[in-house]
Amino acid sequence: MQSSSALHGRHQPGGRPRLRSSIIIVATIALIVCARPVAAMAEISVDDLQAVARSLGFLDTLPKDGTITVGVVHTADASQAAARTVDRLNAIPGPNSATFKAQSIAVDGLAGNQDRLDALLLEEGACADPATALAVTEMVRRRHIVSISTSPACLQSKCCVLMVHTDRKVEIVLNTELADAAGARFSSVFAMMVKRR
């Protein structure tokens, strides 16, 4: 007669407890792997925002004083990151004598947005979907506002007028076609300093 421990497979090499622990290990690895893209999504740093502010100072079509209203565009799953970007942007000085007034805008609310905006700041992933990239570029063209991203991915989706990124050095790329469509005029000094696409 077999013992109860043998019946439950506790000492059998291929028993259920070993299978159960293998399933737990696989599930844990899957959770870690699935969580990586979310954790890896970079938030817009203060250094990037200061570079954005300096770049906007070269935009001749923006007011030199008063308030510059910036819509921080984000996907539904990045609303908390966008709220932090809004706080950071509102805390830094604007270009020249202007101040920033930032607000959060979900990509699915862009088409119906009627607020006065001077610029759009795109959170990472805001233009990842072709439909949302189109919504951003249509708003840029229709309302003649500048879209800015700190992610080089916006250059592939062609939804940003300016890509401004700081790492070891400041990199600024101007999408001349979209800038023309937005009616954005930058100072000649700035135009000579940046890369063009």
Side-chain angles (χ1 to χ4, degrees), residues 44 48-75 78 81-82 85-86 88-90 92-166 170-197:
I44 301 175
D48 280 343
L49 291 175
Q50 288 172 339
V52 165
R54 287 192 295 272
S55 298
L56 286 173
F58 292 101
L59 182 59
D60 292 338
T61 48
L62 272 186
K64 301 298 180 191
D65 53 19
T67 303
I68 296 173
T69 307
V70 180
V72 178
V73 181
H74 62 89
T75 55
T85 299
V86 165
R88 289 172 186 152
L89 189 58
N90 286 334
I92 67 172
N96 303 307
S97 301
T99 56
F100 284 122
K101 180 184 177 185
Q103 64 185 67
S104 173
I105 304 174
V107 287
D108 56 4
L110 265 181
N113 184 284
Q114 298 300 318
D115 296 334
R116 185 190 77 79
L117 296 168
D118 296 304
L120 296 178
L121 180 61
L122 310 175
E123 285 283 344
E124 186 171 346
C127 288
D129 179 68
T132 58
L134 182 61
V136 169
T137 54
E138 283 182 351
M139 189 170 189
V140 167
R141 294 171 190 274
R142 180 170 40 90
R143 294 182 57 179
H144 300 288
I145 54 180
V146 172
S147 57
I148 306 169
S149 176
T150 60
S151 170
C154 82
L155 300 173
Q156 278 70 50
S157 58
K158 299 181 179 177
C159 66
C160 60
V161 172
L162 279 180
M163 192 286 296
V164 179
H165 182 70
T166 62
V170 178
E171 181 185 14
I172 303 173
V173 182
L174 175 66
N175 179 333
T176 52
E177 182 183 345
L178 195 55
D180 289 343
R185 295 188 305 276
F186 291 92
S187 74
S188 55
V189 173
F190 183 77
M192 288 188 295
M193 289 182 346
V194 301
K195 297 177 184 176
R196 294 166 179 265
R197 281 268 175 110

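Throughout, residue positions are numbered sequentially from 1 according to the sequence presented.
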Where do [X] and [Y] come nearest, in terms of heavy atoms and distance?
{"X": "Cys159", "Y": "Ala133", "answer": "CB-O, 3.9 Å"}
{"X": "Gly125", "Y": "Thr75", "answer": "O-CG2, 3.4 Å"}
{"X": "Gly183", "Y": "Thr61", "answer": "O-CG2, 3.6 Å"}
{"X": "Ser147", "Y": "Leu178", "answer": "OG-CD2, 4.1 Å"}
{"X": "Leu122", "Y": "Cys127", "answer": "CD1-SG, 3.8 Å"}
{"X": "Ala53", "Y": "Pro95", "answer": "O-CB, 3.3 Å"}

Rounded to the nearest 0.5 Å, what's the gap from [atom1] on [X] to [atom2] on [Y]? Could you check?
{"X": "Lys195", "Y": "Glu171", "atom1": "NZ", "atom2": "CD", "value": "4.0 Å"}
{"X": "Met163", "Y": "Leu155", "atom1": "CE", "atom2": "CG", "value": "5.0 Å"}
{"X": "Leu62", "Y": "Arg185", "atom1": "CG", "atom2": "CZ", "value": "11.0 Å"}
{"X": "Leu121", "Y": "His74", "atom1": "CG", "atom2": "NE2", "value": "11.5 Å"}
{"X": "Thr99", "Y": "Leu89", "atom1": "OG1", "atom2": "CG", "value": "10.5 Å"}
{"X": "Asn90", "Y": "Lys101", "atom1": "CG", "atom2": "NZ", "value": "9.5 Å"}

Legend entry - Distance-only donor-acceptor check, side chains Thr176 and Arg196, under 3.5 Å: no

Legend entry - Gamma sulfurs of Cys160 and Cys154 within less than 2.5 Å: yes

Residue pair [X] / [Y], side-chain heavy-atom distance below 4.5 Å:
{"X": "Ile105", "Y": "Leu110", "value": "yes"}
{"X": "Val194", "Y": "Ser55", "value": "no"}
{"X": "Asn113", "Y": "Arg143", "value": "yes"}
{"X": "Phe190", "Y": "Leu162", "value": "yes"}
{"X": "Asp118", "Y": "Leu59", "value": "no"}
{"X": "Ser188", "Y": "Phe58", "value": "no"}

Inset, instruction - Inspect the surroundings of CD in Gln156 and state if more than 12 heavy atoms from other residues, nucleotides or ligands are less than 6.0 Å away. - result: yes

Inset, instruction - Kindly say whether Thr69 contributes a backbone atom to a donor-acceptor pair with the side chain of Thr67 at under 3.5 angstrom? - result: no

Inset, instruction - Check whether any side-chain N or O of Asp115 sits under 3.5 Å from a backbone N or O of Leu117 as a donor-acceptor pair, and report yes or no. - result: no

Legend entry - Stepwise side chain to side chain contact (heavy atoms under 4.5 Å, CB included) check, Ile44 with Glu124: CA-CA 8 Å; Ile44 301 175; Glu124 186 171 346; over 6 Å; no

Legend entry - Leu49: which of Thr166, Thr150, Val164, Thr85 passes side-chain contact (heavy atoms from CB on, under 4.5 Å): Thr85

Inset, instruction - Using the side chain to side chain contact (heavy atoms under 4.5 Å, CB included) rule, take Lys158 and Thr137 through it: C-alpha gap first, then chi angles, then the decisive distance, then the call. - result: CA-CA 8 Å; Lys158 299 181 179 177; Thr137 54; 5.7 Å; no

Inset, instruction - Applying side chain to side chain contact (heavy atoms under 4.5 Å, CB included), run through Val86 and Gln103 and close with a yes or a no. - result: CA-CA 6 Å; Val86 165; Gln103 64 185 67; 5.6 Å; no

Legend entry - Step-by-step side chain to side chain contact (heavy atoms under 4.5 Å, CB included) determination, Ile148 to Leu56: CA-CA 9 Å; Ile148 306 169; Leu56 286 173; 3.5 Å; yes

